[in-house]
Amino acid sequence: MEYVKKYEKNELDGIIFGLKIKRNDAQNIYDMVCEQYIDEKKKVKFYRAKYIKGEYAIKIEKIEEEYMKRYLESL
C-alpha cells in the first residue's frame with residue numbers, strides 16, 4: 001500500500017472498494033478487517049464503486065455480507 005491512514009479502531013464504519021481495485025488487494029483488506037474487527041464483533045460495512053453506464057458518474061453500493069465472496073471472485 002502506498003498510503004496508510006492512522007485512526008482509532010472504533011472510528012472505522014465502512015470501506016469503499018474503488019472501481020480499479022485489484023482482487024488481491026480487496027481480499028487482503030477484507031481479510032484484515034475480518035481479523036481485526038468482525039472477529040471481535042465490531043460492525044464494518046463494505047461498499048463498492050460502480051460505474052454508471054452512459055454517464056460520467058459512479059455510485060456507491062453496499063455489499064451485503066452474503067455477497068462478499070461473490071464480489072471478491074468477480075474482480
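Since this is a predicted model, take the numbers as computed values, not measurements. Position 1 is the first residue of the sequence, and the numbers go up from there.
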Problem - Joint hydrophobic cluster, V44 plus I63, side-chain heavy atoms closer than 4.5 Å - result: yes
Handout entry: Aromatic ring proximity, centroids under 6.0 angstrom, F46 and Y71
Key = no
Problem - For I60 against Y47, the heavy-atom pair lying closest together - result: CG2-CB, 3.5 Å
Completion exercise
On a heavy-atom basis, the closest approach of A49 and I58 is CB-CD1, 4.1 Å
Exercise for the section: Evaluate the side-chain proximity of K22 to Q27: yes if any heavy-atom separation is below 4.5 Å, no if none is. Expected result: no
Problem - Atom pair NZ (K50) and NZ (K59), whose distance is rounded to the nearest 0.5 Å - result: 5.5 Å
Handout entry: Donor-acceptor pair, side chain of R23 and main chain of L72, under 3.5 angstrom
Key = yes
Exercise for the section: Mind checking the CD-NZ spacing from E65 to K43? Nearest 0.5 Å is all I need. Expected result: 9.5 Å
Practice task
Any chance you could measure I15, atom CD1, to M32, atom CE, to the nearest 0.5 Å?
Solution key: 8.0 Å
Handout entry: Heavy atoms from other residues, nucleotides or ligands near OH of Y51 exceed 12 (cutoff 6.0 Å)
Key = yes
Handout entry: Side chains of D13 and K45 in contact at under 4.5 Å (non-hydrogen atoms)
Key = yes
Fill in the blank from the handout: Shortest non-hydrogen pair, L75 vs A26, comes out as CD1-CB, 3.6 Å
